[in-house]
Chemist: 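The structure's right below; bear with me while I get my questions together.
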Amino acid sequence: QVQLVESGGGLVQAGDSLRLSCAASGRTFRQYIMGWFRQAPGKEREFVAQSAWSNTNPIYAASVKGRFTISRDNAKNTVYLQMNSLKPEDTAVYYCAARSEGTIWNYWGQGTQVTVSS
């Protein structure tokens with residue numbers, strides 16, 4: 001029902017910025033809560049941020065709050081993750097996800113690698 005494709009990852013230095021994009025297909029994009037997760041080697045996948053269709057009251061993990069910003073352009077069926085002041089510990093594969101109910105994230109992208117060097 002929904003397909004997600006991430007882009008924008010890359011190799012940067014500590015303190016740099018990146019903006020990740022997630023293009024979603026489907027006719028009911030506005031009905032989904034969109035989120036970003038990440039997974040570093042040897043670690044569990046962790047929640048990063050989420051946003052409802054209106055862009056109001058986004059939720060962030062404590063580790064990224066104040067540095068990352070999630071936003072979405074519903075006309076383009078795209079959600080973004082602006083990452084500022086990147087740290088080496090932000091290094092991970094970043095995944096876009098979508099859910100329509102409850103706390104279960106039903107749809108996932110394939111991920112995009114973000115590597116932050118010291």
Side-chain angles (χ1 to χ4, degrees):
Q1 189 173 9
V2 176
Q3 294 182 333
L4 308 173
V5 180
E6 305 96 333
S7 63
L11 174 63
V12 299
Q13 294 181 311
D16 285 353
S17 297
L18 277 177
R19 189 180 74 163
L20 306 183
S21 298
C22 174
S25 63
R27 299 177 180 178
T28 58
F29 179 73
R30 291 181 63 188
Q31 298 179 7
Y32 288 87
I33 295 174
M34 303 298 298
W36 288 96
F37 293 76
R38 66 186 183 185
Q39 186 168 21
K43 298 181 65 177
E44 296 290 329
R45 181 183 63 192
E46 66 174 336
F47 168 81
V48 175
Q50 71 174 46
S51 178
W53 69 270
S54 66
N55 283 298
T56 59
N57 301 118
I59 300 174
Y60 299 95
S63 59
V64 306
K65 192 172 184 179
R67 299 188 297 120
F68 291 10
T69 302
I70 186 172
S71 63
R72 56 195 289 170
D73 186 336
N74 293 320
K76 297 181 178 180
N77 285 358
T78 302
V79 61
Y80 305 95
L81 184 68
Q82 177 66 45
M83 305 184 293
N84 298 328
S85 301
L86 283 163
K87 305 175 181 179
E89 50 263 45
D90 294 319
T91 296
V93 176
Y94 283 72
Y95 298 93
C96 178
R99 63 178 174 90
S100 60
E101 62 184 31
T103 60
I104 303 298
W105 296 88
N106 305 106
Y107 304 98
W108 296 86
Q110 293 300 306
T112 184
Q113 177 71 48
V114 173
T115 302
V116 185
S117 63
S118 300

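No experiment lies behind these values; they were computed from the predicted model shown.
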Chemist: Would you please say whether a donor-acceptor pair under 3.5 Å links the side chains of S17 and N84?
Modeler: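 Looking only at side-chain atoms, N84 and S17 do form a donor-acceptor pair, the distance falling under 3.5 Å.
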Chemist: Quick check: do L18 and L86 have side-chain heavy atoms less than 4.5 Å from each other?
Modeler: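 Side chain of L18 against side chain of L86, heavy atoms only: contact under 4.5 Å found.
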Chemist: Assess whether atom CD of Q110 is packed by more than 12 heavy atoms of other residues, nucleotides or ligands within 6.0 Å.
Modeler: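 Result for CD/Q110: open.
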Chemist: Check each of E6, M83, Q50 against W36 using the side-chain contact (heavy atoms from CB on, under 4.5 Å) test, and report the only one that passes.
Modeler: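 For W36, the side-chain contact (heavy atoms from CB on, under 4.5 Å) check succeeds only for E6.
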Chemist: Could you tell me whether the side chain of T91 and the main chain of V116 form a donor-acceptor pair under 3.5 Å?
Modeler: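 Here the side-chain-to-backbone pair exists.
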Chemist: Are R67 and S85 side-chain neighbours, meaning at least one heavy-atom pair lies under 4.5 Å?
Modeler: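 Touching, per the 4.5 Å side-chain cut-off.
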Chemist: Quick one: pull up CZ in R99 and OH in Y32 and give me the separation to the nearest 0.5 Å.
Modeler: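 Nearest 0.5 Å value for the CZ-OH distance: 12.5 Å.
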Chemist: With side-chain hydrogen bond (donor to acceptor under 3.5 Å, both in side chains) as the test, would you mind laying out the steps for Y94 and R38 before giving the verdict?
Modeler: CA-CA 4 Å; Y94 283 72; R38 66 186 183 185; 2.9 Å; yes
Chemist: What pair of heavy atoms forms the shortest contact from A40 to A92, and how long is it?
Modeler: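 Of all heavy-atom pairs spanning A40 and A92, the closest is N-CB, 3.8 Å.
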Chemist: Does any N or O in the side chain of Y60 come within less than 3.5 Å of the main-chain N or O of I70, such that one atom is a donor and the other an acceptor?
Modeler: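 Here the side-chain-to-backbone pair exists.
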Chemist: Would you say that V12 contacts T115 through its side chain, given a criterion of any heavy-atom pair below 4.5 Å between the two side chains?
Modeler: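 Contact flag for V12/T115 side chains = no.
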Chemist: Taking atom CG of N77 and atom OG of S25, what is their separation to the nearest 0.5 Å?
Modeler: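 So the CG of N77 and the OG of S25 are separated by 8.0 Å.
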Chemist: Between V93 and V64, is there shared hydrophobic-cluster membership here, with clusters defined by ILVMFWY side-chain heavy atoms closer than 4.5 Å?
Modeler: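 No, separate clusters.
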Chemist: Between S7 and L20, is there a side-chain heavy-atom distance shorter than 4.5 Å?
Modeler: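 In short, these two side chains do not touch, never coming nearer than 4.5 Å.
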Chemist: Report yes if some heavy atom in the side chain of Q3 is under 4.5 Å from a heavy atom in the side chain of W108; otherwise report no.
Modeler: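 Side chain of Q3 against side chain of W108, heavy atoms only: no contact under 4.5 Å found.
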Chemist: Fit a plane to each ring of W105 and F47, take the angle between them on a 0 to 90° scale, and name the class: parallel (under 30°), tilted (30 to 60°) or perpendicular (over 60°).
Modeler: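 Judged by the thresholds at 30° and 60°, the geometry between W105 and F47 is tilted.
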Chemist: So which heavy atom on L81 is nearest to which on A49, and how close?
Modeler: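 For L81 versus A49, the nearest heavy atoms are CD1-CB, 4.4 Å.
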Chemist: Testing the basics here: between V79 and S71, what is the closest heavy-atom pair and its distance to 0.1 Å?
Modeler: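 Closest approach of V79 to S71: CG2-O, 3.1 Å.
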Chemist: Please name the pair of heavy atoms, one in R72 and one in A52, separated by the smallest distance, quoted to 0.1 Å.
Modeler: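 Distance-wise, the nearest heavy atoms are CD-O, 3.0 Å.
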Chemist: Side chains of Q39 and Y95: closer than 4.5 Å at any heavy-atom pair?
Modeler: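 A side-chain contact under 4.5 Å exists here.
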